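Presented below is the structure to which this report refers.
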Amino acid sequence: MNITAEGPATPRRALLKISGEALMGTGQYGVDAQTVDRIAADVAAVAQSGIQVCLVVGGGNIFRGLTAAARGMDRAQGDYAGMLATVINALMVQNALEREGIPTRVMSAIHMSSIAEPYIRRRAVRHMEKGRVVIFAAGTGNPFFTTDTAAALRAAEMDCDILLKGTQVDGVYDSDPRKNPDAKRYETLTYLEVLSRDLNVMDAAAISLARENRLPIIVFNIHEAGAFQRVLRGDGPFTRIEEVG
Ligand code: UDP
């Protein structure tokens, strides 16, 4: 993808990471149907504009391995439970997208043949070429990873032009804007700045993978209706993470 002074050209293929937290809406746990429908409408609008779209869905609204491990559960076992949580979310998102009239496939990194296709890279690419939205479930399929890393991994495998991370705020700030009214949003950052300043965007494995593959990351507010489509056109607010020079 060409990055010009005006912003990124329209991408051919984009991966959107939707965290479990995003699906909770204003709730404290689980999935808020209205929020899922709104996010699905935004994804549908982008898919209908001709951009190939794939999604990685998190599971933190239901179960996190790390939290369970802190309470004494075996970490790997907890992580497998967390990956199953992402499958529940993926099915909810699939349902909402199909109600928008968008053909979809859920592909799971953990085999679950009754409800999802197994993840096969070339098949996923083919689905997108046919205009289907592919929803990647069960993260990387491995414990000790996160769905952010799964998002960077799948975006690289799918040869996406861009990785979008939809969050609760409209970009990356120097401190938490929900707690500090003077927090400043970065317009652009390099991968190394994210790593060295320990900015809370994505985990280091995800940022490193994106860096190695020169995959630009856009962080934006997923709760702003229509923002997914706007940021793909280069309209802010958002933070863009990329290599300069
Ligand atoms: N997880 C994992 N391997 C992966 C992706 C996820 O073990 O490749 C587990 C991990 O326990 C994590 C949980 O699934 O806490 C839910 O994913 P994540 O926390 O990334 O979801 P999000 O924060 O995006 O809602």
Side-chain angles (χ1 to χ4, degrees), residues 15-33 35-36 38-40 43 54-94 96 106-112 115-116 118-121 124 134-158 163-169 172 176 178 194 199-210 213 215 217-223 228 241:
L15 186 144
L16 172 65
K17 158 74 203 291
I18 305 172
S19 68
E21 194 184 3
L23 301 177
M24 289 193 307
T26 51
Q28 296 298 309
Y29 179 83
V31 178
D32 174 57
T35 305
V36 179
R38 226 231 63 245
I39 293 173
V43 173
C54 51
L55 308 173
V56 165
V57 184
N61 55 325
I62 301 173
F63 200 91
R64 270 184 213 282
L66 209 54
T67 315
R71 294 197 197 110
M73 186 176 184
D74 176 76
R75 168 74 193 269
Q77 185 80 342
D79 280 343
Y80 280 108
M83 285 186 268
L84 296 186
T86 73
V87 181
I88 296 175
N89 286 335
L91 295 183
M92 309 284 279
V93 171
Q94 177 177 43
V106 174
M107 295 193 125
S108 175
I110 294 176
H111 286 207
M112 241 178 276
I115 51 171
Y119 171 66
I120 298 168
R121 187 182 71 84
V134 177
I135 305 161
F136 296 114
T140 63
N142 300 292
F144 304 102
F145 286 92
T146 65
T147 52
D148 279 353
T149 303
L153 174 65
R154 295 290 184 247
E157 286 187 274
M158 294 299 116
L163 164 58
L164 293 105
K165 169 141 176 164
T167 65
Q168 314 299 103
V169 290
V172 184
D176 188 342
R178 289 176 294 184
V194 173
L199 295 171
N200 190 14
V201 188
M202 290 180 129
D203 55 84
I207 297 291
S208 301
L209 204 50
N213 291 287
L215 177 68
I217 303 171
I218 288 192
V219 183
F220 73 104
N221 186 346
I222 198 160
H223 296 297
F228 182 29
I241 303 163

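Order of appearance sets the numbers: ligands from 1, and atoms from 1 within every ligand. FYI, side chains are in, hydrogens and waters are out, and symmetry mates aren't considered; it's all heavy atoms of this structure. Please read these numbers as outputs of a predicted model, since none were measured by experiment.
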[X] versus [Y]: any side-chain heavy-atom pair under 4.5 Å?
| X | Y | answer |
| --- | --- | --- |
| Met112 | Val87 | yes |
| Lys165 | Ile218 | no |
| Ile39 | Leu23 | yes |
| Leu55 | Phe136 | no |
| Leu164 | Ile217 | no |
| Val56 | Ile18 | no |

**Report entry** Spacing of OG belonging to Ser208 relative to CG belonging to Asn213, to within rounding of 0.5 Å
**Finding:** 11.0 Å
Look only at interatomic distance and state if [X] has a nitrogen or oxygen under 3.5 Å from any nitrogen or oxygen of ligand 1.
| X | result |
| --- | --- |
| Gly60 | yes |
| Asn61 | no |
| Gly65 | yes |
| Tyr80 | no |
| Ile18 | no |

Pull out every atom of ligand 1 sitting under 4.0 Å from any heavy atom of [X], numbered as shown with elements.
| X | value |
| --- | --- |
| Gly20 | 22 (P), 24 (O), 25 (O) |
| Gly58 | 21 (O), 22 (P), 24 (O), 25 (O) |
| Thr140 | 4 (C), 8 (O) |
| Phe63 | 13 (C), 16 (C) |

So which protein heavy atom does [atom] come closest to, and at what separation?
| atom | value |
| --- | --- |
| atom 21 (O) of ligand 1 | Gly59 N, 3.0 Å |
| atom 20 (O) of ligand 1 | Thr147 OG1, 2.5 Å |
| atom 3 (N) of ligand 1 | Asn142 O, 2.7 Å |
| atom 24 (O) of ligand 1 | Lys17 NZ, 2.7 Å |
| atom 5 (C) of ligand 1 | Thr146 C, 3.4 Å |
| atom 6 (C) of ligand 1 | Phe145 O, 3.7 Å |
| atom 7 (O) of ligand 1 | Asp79 CB, 3.0 Å |
| atom 23 (O) of ligand 1 | Arg64 NH1, 2.8 Å |

**Report entry** Nearest non-hydrogen partners of Met202 and Asp148, listed with the distance
**Finding:**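 Taking every non-hydrogen atom into account, CA-OD2, 3.5 Å.
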Query raised in the report: Which of the listed options, Ala151, Gly82, Ala76, holds the heavy atom that is closest to atom 13 (C) of ligand 1?
Result: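 The option holding the nearest heavy atom is Gly82.
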Query raised in the report: Do we see a donor-acceptor contact under 3.5 Å between the side chains of Asp203 and Thr149?
Result: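 Yes, Thr149 and Asp203 have a side-chain donor paired with an acceptor closer than 3.5 Å.
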Determine all donor-acceptor pairs shorter than 3.5 Å in which one atom belongs to a side chain in residues 57-70; sequence neighbours excluded.
unit_1	atom_1	unit_2	atom_2	d
Asn61	OD1	Asn89	ND2	2.8
Asn61	ND2	Gly30	O	3.2
Asn61	ND2	Asn89	OD1	3.1

Query raised in the report: For ligand 1, is Pro143 a contact, meaning one of its heavy atoms is under 4.0 Å away?
Result: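 True for this residue.
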Query - Pair listing, salt bridge (Lys or Arg N to Asp or Glu O under 4.0 Å) test, anchored in residues 68-91, at least two apart - result: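 Every salt bridge (Lys or Arg N to Asp or Glu O under 4.0 Å) pair that includes a residue of residues 68-91, provided the two are not neighbours, is Arg75-Asp79.
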Query raised in the report: Going through the checks in order, is the side-chain contact (heavy atoms from CB on, under 4.5 Å) test met by Met24 and Thr35?
Result: CA-CA 7 Å; Met24 289 193 307; Thr35 305; over 6 Å; no
Report task. Could you tell me whether Ser19 approaches ligand 1 through its side chain, its backbone, both or neither, with non-hydrogen atoms closer than 4.0 Å? Result ->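 Contact part for Ser19 vs ligand 1: both backbone and side chain.
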